[in-house]
Amino acid sequence: MKKQNFIIGALFLTLASFFAKIIGAIYRIPLTNILGAEGLGLYQLIFPLYSVILVFCSTGVPNAIAKIIATKDNDDCKTVLKLSLIFFTLLSIVFSIILILFSKQIAIMQGNSDIAIVYLGIAPAIIFVGILSVFRGFFQGKQNIVPTSLSLIVEQTFKLLFGLLFSKLLINKGVVYGALGAVIGVTISELFALIIIFIEFIFYYKKNLVITSKHKSNIRISNILKIALPITFSSMIMPITLLIDSFLIVNLLKHIGYSVQDATNLYGILTGVVNSLINLPVVLSMSIATMAIPIISKLQYENKFVEVSQKSCTAFTLVLLIAIPCVIIFYFFSYDIITFLFRNGLKIGSINEFEVASKLLSIGSFSILFIAIVQISTTILQAINLSKIPIISLFIGCSIKIILTIVLVLIPNVNIYGAIISSLVCYLICSIINVGVLLKKVKIKLSYRYDIILPIIASVMMATTMRLVKYLLSNSVLVVPFMFVCGGIIYLLVYAIMTYGEKYNIQQIYEFTNRIIRKKDI
């Protein structure tokens with residue numbers, strides 16, 4: 001199978017990830033309608049610890065395996081795959097057992113003992129994800145993003161189907177059982193994603209993994225861990241911070257006078273509604289970062305430093321084109337988005353859940369830009385063997401975040417908003433440190449005009465168009481979809497006209513289009 005070039009590969013994985021994330025976003029809407037804010041809070045409380053465990057068992061694995069495989073022949077690739085499967089499968093089983101044994105104690109420490117049973121439903125998923133990550137890393141190293149993309153779509157689709165099915169069946173037994181049903185859907189979805197990527201591997205193995213020599217591979221699990229551990233440590237800091245949040249926020253809100261139910265509701269709105277929306281555009285930048293790892297690693301290995309700088313600039317440009325308009329949309333249209341998507345799930349009771357979610361989303365919109373920058377800068381730093389920098393920046397940012405969360409949430413007039421403000425500050429600090437190092441080491445030279453100013457101008461035109469559509473269709477139930485469609489079209493048109501209209505004449509545009517049609521490497 002031919003290797004996809006950087007732009008096409010990133011685009012393909014971006015589209016697949018976006019489609020998978022759309023399914024995930026759609027899933028949140030009926031799930032919120034079934035569980036309500038409290039049930040969503042119970043559902044969300046288990047994921048910080050689950051995410052931390054996945055960091056140990058899987059998060060650093062794909063990038064580490066991809067980095068090794070990108071520079072090895074088939075003999076070494078098979079050895080890397082075999083060792084990784086054995087080690088990370090056993091590690092996943094151990095963590096799954098630990099979670100089952102200590103679920104009750106963990107739930108009590110988080111401030112809501114009811115979620116102990118929910119942990120039991122998610123525990124088997126750790127094993128499936130651990131194995132799945134090894135295969136994803138293998139295909140990522142081969143620069144073949146089709147299996148990863150397909151498994152992502154299968155994963156989200158089955159989570160939607162089984163999560164809603166089991167939560168609906170079990171909600172009559174209580175809101176805790178409704179949350180249990182939702183995580184059972186997650187576990188089943190990971191199993192099916194693993195089955196799909198394993199089938200794809202079998203076909204790939206038969207066609208491509210032919211022995212190229214008779215030498216004995218000198219690859220050891222220590223070689224894999226040497227690369228995986230720095231990536232794991234840098235990936236571990238944020239999930240651990242979110243885990244600390246899961247212990248802090250509910251208890252802090254209870255301390256300033258909120259009931260257990262209201263505190264859980266607010267936590268559910270922050271993590272289940274707002275953060276899921278913020279992560280929707282972020283997944284696009286993560287797709288670009290995923291494709292950048294093997295390409296930049298190989299260029300760095302071959303000492304092609306000019307190309308490393310060029311590919312890094314391309315990755316940053318794509319990330320900014322996605323992040324900037326999303327910040328504008330989420331900031332100015334937060335209430336429209338919340339009321340359109342969650343009008344049947346949120347309610348106005350002891351707290352106005354619509355107003356809280358809207359304000360949180362508006363504040364958190366700026367996080368989209370900084371999270372995207374952190375993701376792509378971390379990826380590049382890892383690819384050029386500077387994995388310590390993201391660890392340091394995340395440690396500093398997350399330490400400040402924890403302190404700010406405690407200080408701000410304990411202020412009654414700030415309460416839950418303190419949590420989103422502290423996250424924003426965290427990502428801002430991390431992005432400043434990472435980009436500062438990259439500017440020195442990789443000599444990234446972004447065009448302020450084309451990479452920042454023009455996207456902002458196009459975004460302003462987009463927002464203006466969306467306001468106009470909202471005014472003209474104010475009484476229509478489809479006003480929000482029309483706003484987004486029209487705004488997206490205007491953004492692309494304005495940016496394309498301003499960029500290519502200035503850079504190229506008509507003949508050059510014609511030739512550029514022909515190169516795309518002929519499928520040449522651009």
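Keep in mind that this is a model prediction, so the values were computed, not measured.
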So [Y] and [X], do their side chains get closer than 4.5 Å, heavy atoms only?
X	Y	answer
I420	V274	yes
I497	Y495	no
Y27	Q156	no
L99	I122	yes
I329	I337	yes
P147	F201	no
F333	I328	no
I490	M466	no

Sequence neighbours left out, what passes ring-ring contact (aromatic ring centres under 6.0 Å, His included) with F484? Give chain and number order.
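ring-ring contact (aromatic ring centres under 6.0 Å, His included) check on F484 returns nothing, list empty.
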Contacts of Y267 that satisfy ring-ring contact (aromatic ring centres under 6.0 Å, His included) - sequence neighbours left out:
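None.
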Got a sec, which residues hit salt bridge (Lys or Arg N to Asp or Glu O under 4.0 Å) with K359, two or more places apart in sequence or on another chain?
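In terms of salt bridge (Lys or Arg N to Asp or Glu O under 4.0 Å), with neighbours along the sequence ignored, K359 is linked to E355.
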Test side chain to side chain contact (heavy atoms under 4.5 Å, CB included) on V409 and I416 and set out the steps.
CA-CA 6 Å; V409 174; I416 192 65; 6.0 Å; no
Separation of [Y] [atom2] from [X] [atom1] (nearest 0.5 Å):
X	Y	atom1	atom2	value
C430	L394	SG	CG	4.5 Å
L252	I411	CG	CD1	11.5 Å
D451	I324	CG	CD1	8.5 Å
L277	N275	CG	CG	9.0 Å
I429	S399	CD1	OG	9.5 Å
T378	I389	OG1	CD1	10.5 Å

Can any side-chain N or O of S334 pair as donor or acceptor with the backbone N or O of S358 at less than 3.5 Å?
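Judged by distance alone, yes, a pair lies under 3.5 Å.
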Quick check: does any side chain N or O of S246 sit under 3.5 Å from a backbone N or O of L243, one acting as donor and the other as acceptor?
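Here the side-chain-to-backbone pair exists.
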Could you walk me through whether L242 and D245 pass the side chain to side chain contact (heavy atoms under 4.5 Å, CB included) check?
CA-CA 5 Å; L242 296 177; D245 275 352; 4.1 Å; yes
Check E200 with R136, please: is the shortest side-chain N to carboxylate O separation under 4.0 Å?
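So R136 does not pair with E200 through a salt bridge.
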Locate the shortest heavy-atom distance separating [X] from [Y]; write the atom from each residue and the value.
X	Y	answer
C398	C426	N-SG, 3.7 Å
V414	L408	CB-O, 3.4 Å
A357	V273	CB-CG1, 4.5 Å
G130	S92	CA-OG, 3.4 Å
I126	L54	CA-CD2, 4.1 Å
S423	K401	OG-NZ, 2.7 Å

Filter on salt bridge (Lys or Arg N to Asp or Glu O under 4.0 Å), then keep only pairs touching residues 364-378, sequence neighbours left out; what's left?
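Residue pairs with at least one partner in residues 364-378: there are none.
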If the condition is side-chain contact (heavy atoms from CB on, under 4.5 Å), which residues does I457 pass it with, not counting sequence neighbours?
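I453, L454, M498.
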Donor-acceptor pairs under 3.5 Å, side chain of residues 360-373 to any protein atom, not counting sequence neighbours: which ones?
residue: S362; atom: OG; partner: Y331; partner atom: O; Å: 3.4
residue: S365; atom: OG; partner: S362; partner atom: O; Å: 2.7
residue: S367; atom: OG; partner: G364; partner atom: O; Å: 3.4

Parallel, tilted or perpendicular, as decided by the 30° and 60° cut-offs, for the rings of F135 and F198:
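Taking F135 first and then F198, their aromatic rings stand perpendicular (interplane angle over 60°).
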If we ignore angles and hydrogens, is there a donor and acceptor under 3.5 Å between the side chains of S189 and E155?
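No - no donor-acceptor pair under 3.5 Å links their side chains.
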What's the verdict on side chain to side chain contact (heavy atoms under 4.5 Å, CB included) for F87 and L83, showing C-alpha distance, side-chain angles and the deciding distance?
CA-CA 6 Å; F87 181 83; L83 291 174; over 6 Å; no
List the steps and the verdict of ring-ring contact (aromatic ring centres under 6.0 Å, His included) for Y50 and F47.
CA-CA 5 Å; Y50 174 68; F47 279 98; 5.7 Å; yes
Intermediate values then yes/no, side chain to side chain contact (heavy atoms under 4.5 Å, CB included), L381 and L438:
CA-CA 7 Å; L381 288 167; L438 281 178; 3.6 Å; yes
